[in-house]
Amino acid sequence: MSATRPETYLTDLNPAQRQAVLTTEGPLLVIAGAGSGKTRVLTHRVGHLLAACGVKPNEILAITFTNKAAGEMKERVEHQLGPVARAIWIMTFHSACGRILRREAERLGYRSNFTIYDQSDQLRVVKACLEELERDPKRFVPRGIHSQISNAKNQLIGPDEYAARVASFYDQTVADVYSLYQRKLFTSNAVDFDDMLMLTVDVLQRFPEARERWAKSFRYVMVDEYQDTNHAQYVLLKLLVELSQNLMAVGDPDQSVYGFRGADIRNILEFEHDFPATKVIPLEQNYRSTNSILHAANQVISHNRERKEKNLWSDLGEGEPVHVVETEDEHSEARFVASEIAALIAQGSSAGEIAVVYRTNAQSRVLEDVLVRQDIPYQVIGGPRFYERAEIKDAIAYLQVLDNPNDAVSLLRIANRPRRGIGDTSLGRLNAYADGLGTTLWEATAFPEEAGLAAASARALKGFRDVMQTLMATATDASVAQLLEAVLDRSGYVEALESERTIEARGRVENLEELVGVAREYDQATEEPTLSGFLQEISLYSDQDALRDDEDEGGQVTLMTLHNAKGLEFRAVFMIGVEEGIFPHSRSIEENSLEEERRLCYVGMTRAKERLTMTHAMRRNLYGRVDANLPSRFIDELPESGVERERLRPTSWSGYGARAVQREFIPRSDAPDLSTGDAVRHASLGSGIVIAIEAGGVVTVRFEDGNERRLMLEYAPLERIA
DNA sequence: ATGAGAAACATTTTT
DNA sequence: TGTTTCTCAT
């Protein structure tokens with residue numbers, strides 16, 4: 001690629017961006033306002049280091065928070081620089097820690113093929129601990145305990161230190177669980193997400209040779225979304241740049257919205273203090289939004305006290321005013337938004353350029369109903385995740401046990417799945433037997449009689465153990481995909497699903513096939529594919545980014561929470577439910593985290609490129625209660641100019657004026673004649689089965705994804721399939 | 001071991 | 001108001 005000469009790649013940067021690219025030595029803080037081109041800065045800076053500063057690819061570590069962001073950055077850098085880019089460490093905090101830990105785990109007594117426990121695995125372990133300690137799970141809610149442990153880990157407080165700080169009986173229980181939890185993970189040769197950071201820090205702090213090696217190997221470190229780092233991540237970075245001090249942090253304190261997950265906004269606010277001689281470069285030119293939108297967003301965020309002054313501007317002109325619309329209730333709000341979307345599409349916008357954002361997931365429902373009826377294609381971000389589906393977790397658990405038989409959580413998960421007569425009682429006995437002997441659960445499975453299992457259970461267990469051992473033998477010379485196929489076959493898992501003969505089961509089998517596809521892809525794309533490698537990769541890639549991307553070919557309106565909208569942009573954005581109690585959420589008002597809510601509002605507003613509409617309803621049905629809500633204080637904080645306020649009232653019994661009803665009800669004359677049990681396909685919802693028919697032409701259809709929906713035969717784009 | 005029915009519950013969630 | 005989780009009965 002020829003884009004590697006400075007005069008080429010510097011020309012498409014503004015002065016501040018250029019300065020950020022050229023400042024390579026010493027600590028650098030780039031305050032990157034929304035839409036200010038920070039990804040461009042990041043990628044160009046990598047290019048500059050390689051092309052003009054003689055830096056080798058493997059000396060650069062570029063950290064992001066999401067796999068998606070890492071993937072995008074990698075792609076851009078590769079596009080710019082060619083294959084050399086592949087040697088650059090562009091990855092998430094967790095993948096980087098995973099890579100480091102794989103090399104260093106043995107110093108801490110873990111083996112390098114450690115298993116990574118996700119949220120639900122972690123919760124299982126907490127529950128097991130509470131049970132073992134005989135604490136009442138009503139008083140000590142597992143989720144609460146877990147979040148205490150997680151917080152402690154983010155603060156780098158280990159079990160011993162936690163125990164030393166105990167101030168109440170509750171704390172004492174947390175401390176006991178924490179310590180037992182860590183021991184359980186250790187004997188399972190497993191770590192949780194938080195451990196990945198905490199243990200990496202631990203190994204670097206306790207072993208100077210390790211610290212020196214890694215600090216030497218990364219001469220240049222860059223971190224994106226620095227405002228979202230937690231304390232552990234901060235300490236990790238400090239250790240990694242100990243020698244060079246070449247740390248570039250890119251972030252925007254106004255977009256810190258993950259405080260509730262341990263992100264510490266002070267990291268970015270105090271960066272200059274933490275890293276003396278820091279150079280600070282603000283990027284204030286916005287390339288995304290019109291000035292009406294920016295002005296409005298700036299005005300709202302200026303109400304935060306704990307903040308560094310910043311003023312975004314753009315040369316994209318004034319644009320349309322921001323629309324603020326009041327409706328009667330959530331239904332009219334949804335109808336209004338849907339009709340506006342329909343109008344935008346009619347004017348030539350693509351559905352993919354439109355987003356609806358809201359504070360809580362539950363708010364999508366009402367809107368979905370209207371969108372379906374109006375036949376507007378949409379996707380909801382944040383539904384059930386691929387890797388969290390039961391069948392996928394089961395299949396992965398099999399692989400985990402094959403790779404790391406000590407992994408007790410996975411073993412317990414699959415022992416009786418599919419059902420093979422190894423019940424909870426038997427597993428409990430085995431567990432007790434293993435504990436008594438100080439061995440692992442897997443080893444105990446070799447001695448069912450000694451563990452006191454009934455004859456039938458013992459036989460079942462032997463069968464299970466045989467299958468697993470055969471598979472383990474296969475594991476040594478099969479590819480990951482082959483092994484997975486062997487697992488699905490030999491375990492009887494797929495067979496059990498197939499014999500269910502339901503749509504759900506068929507969907508599960510399809511999901512499993514998709515997982516085999518993922519494994520195949522891994523086998524092909526990786527230089528040295530190994531089972532451990534595959535497992536570590538997918539443990540950290542546990543979201544639906546990949547699927548999300550291939551699915552939105554046709555262009556669909558995107559529905560998502562404000563949190564999920566971070567980092568994205570759309571031509572038109574509808575922010576719904578902008579009401580006191582909803583947004584800001586009543587919990588946030590109680591918890592005094594209003595400033596974070598306001599930042600969330602800022603994030604949402606700055607997603608819009610050309611058109612921003614904020615709606616609020618006077619009445620809203622929430623949890624079966626009708627509440628009267630005031631408009632959000634954030635609406636009061638909007639400027640006078642560049643904002644157009646509108647109040648929608650019914651003009652007739654049927655709707656909100658012409659534009660609201662236009663597309664709504666056009667009955668079809670060719671409605672299919674359906675009966676219960678018929679297979680049907682819906683134009684936007686996929687196929688499913690009719691499970692009920694009511695008077696008035698209302699059918700209930702259960703779709704393949706498990707959702708059930710009531711549809712009006714006369715209007716729904718439904719057809720019968722064979 | 002499975003399912004029906006009651007009770008409890010209901011921000012946000014990059015890894 | 002929907003959903004999930006728990007309990008109890010089968």
Side-chain angles (χ1 to χ4, degrees), chain A residues 63-72 91-98 116-119 121-122 127 137-138 141-143 146-147 150 153-154 191-198 200 223-230 232-233 251 255-263 330 357-366 369 381-382 384-385 387-388 416 419-425 536-545 560-568 577 581-591 593 596-597 599-601 603-604 620-627 706-708:
Chain A
I63 295 183
T64 61
F65 272 79
T66 65
N67 293 304
K68 196 175 164 209
E72 278 166 11
M91 55 183 82
T92 63
F93 266 107
H94 289 81
S95 331
C97 288
I116 300 165
Y117 281 175
D118 71 8
Q119 182 95 24
D121 299 328
Q122 295 167 31
K127 282 179 188 157
K138 292 256 162 62
V141 185
R143 273 195 62 142
H146 176 257
S147 94
S150 175
K153 288 182 174 182
N154 289 161
V191 302
D192 64 21
F193 286 141
D194 302 316
D195 279 339
M196 298 191 75
L197 296 163
M198 185 172 77
T200 304
V223 193
D224 194 11
E225 306 280 16
Y226 189 74
Q227 77 281 355
D228 290 332
T229 50
N230 62 34
Q233 289 160 337
Q255 294 188 64
S256 162
V257 292
Y258 283 103
F260 68 95
R261 273 179 106 242
E330 75 273 22
V357 296
Y358 36 78
R359 179 64 238 265
T360 66
N361 287 116
Q363 289 170 261
S364 72
R365 179 161 252 110
V366 187
D369 286 343
I381 306 290
R385 297 168 169 207
Y387 288 100
E388 281 167 16
N416 201 30
R419 289 203 190 93
R420 45 170 81 89
I422 306 173
D424 287 345
T425 333
Q536 296 220 357
E537 194 160 292
I538 62 170
S539 304
L540 294 178
Y541 199 91
S542 59
D543 67 19
Q544 52 195 1
D545 288 342
M560 65 195 150
T561 62
L562 286 150
H563 283 90
N564 272 320
K566 206 175 101 180
L568 306 177
I582 304 262
F583 187 34
H585 196 276
S586 47
R587 279 278 213 336
S588 306
I589 301 173
E590 285 161 30
E591 285 168 17
S593 46
E596 183 152 311
E597 293 283 289
R599 292 193 290 266
L600 197 52
C601 185
V603 166
R620 180 176 296 270
N621 208 306
L622 192 62
Y623 306 145
R625 204 159 304 251
V626 177
D627 286 342
N707 285 328
E708 282 177 20

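Keep in mind that what you see is a predicted model, and the values were worked out from it rather than measured. In the text below, chain A, chain B and the rest are named by the order of the sequence lines, each starting its count at 1. These numbers come from the heavy atoms of this one structure, side chains and all, not from hydrogens, waters or symmetry mates.
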- Heavy-atom pair of closest approach, residues A/Asp228 and A/Gln255: OD1-O, 4.2 Å
- Task: Please figure out whether A/Ala263 or A/Ile422 has its closest DNA chain B nucleotide nearer the 5' end.
- Result: A/Ile422
- Check every atom of B/dT13, B/dA1, B/dT11 against the side chain of A/Glu597 and return the nucleotide holding the closest atom. B/dT11
- Message: Using the side-chain heavy atoms of A/Tyr623, tell me which of these nucleotides is nearest: C/dG2, B/dT12, B/dA10.
- Response: B/dA10
- Query: Considering only C/dT1, B/dT2, B/dT13, which nucleotide approaches the side chain of A/Asn621 most closely?
  - Reply: C/dT1
- So what does A/Glu591 hit on the nucleic acid, given a heavy-atom distance under 4.0 Å: a base, only sugar-phosphate, or nothing? base
- Query: A/Arg365 side chain N/O closer than 4.0 Å to the phosphate oxygens (OP1, OP2) of C/dT3?
  - Reply: yes
- When you match A/His563 and A/His94 each to their closest nucleotide on DNA chain B, which lands nearer the 5' end? A/His563
- Query: Which part of the nucleic acid, if any, lies within contact of A/Arg625, taking any heavy atom under 4.0 Å across all strands shown: a base, the sugar-phosphate backbone alone, or nothing?
  - Reply: nothing
- Message: With the 90 degree cut-off around zero defining syn, does B/dT12 come out syn or anti?
- Response: anti
- Message: At 4.0 Å (heavy atoms only), tell me whether A/Arg599 reaches a base, stays on the sugar-phosphate, or touches nothing.
- Response: nothing
- Query: For the base of B/dT15, is there a side-chain donor-acceptor partner from A/Arg261 under 3.5 Å away?
  - Reply: yes
- Message: How many whole angstroms separate atom CD of A/Gln255 from atom C1' of B/dT12?
- Response: 16 Å
- Note on the structure: Of all heavy-atom pairs linking A/Ile116 and A/Asp121, the shortest is O-OD2, 4.4 Å
- For B/dT13 versus C/dT4, give the span between their P atoms, rounded off to a whole number of Å. 15 Å
- Message: Without decimals, in angstroms, what is the distance between A/Asp192 CG and B/dT13 P?
- Response: 20 Å
- Between P of C/dG2 and CD of A/Gln363, the distance in whole Å: 15 Å
- Side chain to side chain, A/Thr64 and A/Glu225, heavy atoms closer than 4.5 Å: no
- Message: Output the rounded distance in Å from CD (A/Glu330) to C1' (C/dG2).
- Response: 13 Å
- Of the listed B/dA1, B/dT15, C/dG2, the closest approach to the A/Thr92 side chain comes from B/dT15
- Message: Quick check: do A/Lys153 and A/Asp195 have side-chain heavy atoms less than 4.5 Å from each other?
- Response: yes
- Item | Value in whole Å for how far the P atom of B/dT15 lies from CD of A/Glu388 | 10 Å
- Message: Regarding A/Ser586, tell me which of base, sugar-phosphate or nothing describes its non-hydrogen contacts under 4.0 Å with the strands shown.
- Response: nothing
- Item | Atom pair distance, as rounded to whole Å: CZ in A/Arg419 and P in B/dA1 | 8 Å
- Message: Categorize A/Tyr258 for me: base, sugar-phosphate, or nothing, with a 4.0 angstrom heavy-atom threshold over every strand shown.
- Response: base
- Grab the CG-C1' distance between A/Asn564 and B/dT11 for me, whole Å please. 13 Å
- B/dT13 phosphate, OP1 or OP2: any side-chain N/O from A/Thr561 under 4.0 angstrom? yes
- Message: Starting the side chain at C-beta, find the nucleotide from B/dT11, B/dT15, B/dT13 nearest to A/Arg359.
- Response: B/dT11
- Mind listing the closest non-hydrogen atom pair of A/Gly581 and A/Ile589 along with its distance? N-CD1, 4.2 Å
- Item | Presence of A/Asn67 side-chain N/O under 4.0 Å of B/dT15 phosphate oxygens OP1/OP2 | yes
- Item | Residues that A/Arg620 engages under salt bridge (Lys or Arg N to Asp or Glu O under 4.0 Å), provided they are two or more places apart | A/Glu333, A/Glu579
- Query: Is the closest side-chain donor-acceptor distance between A/Thr360 and A/Gln363 under 3.5 Å?
  - Reply: yes
- Message: Could you tell me how far apart A/His585 (NE2) and B/dA10 (P) are, to the nearest whole angstrom?
- Response: 11 Å
- Item | P-based separation of B/dT12 from C/dT5 [nearest Å] | 15 Å
- Message: I want to check one thing: is the phosphate of B/dT13, taken as OP1 and OP2, less than 4.0 Å away from some side-chain N or O of A/Asn361?
- Response: yes
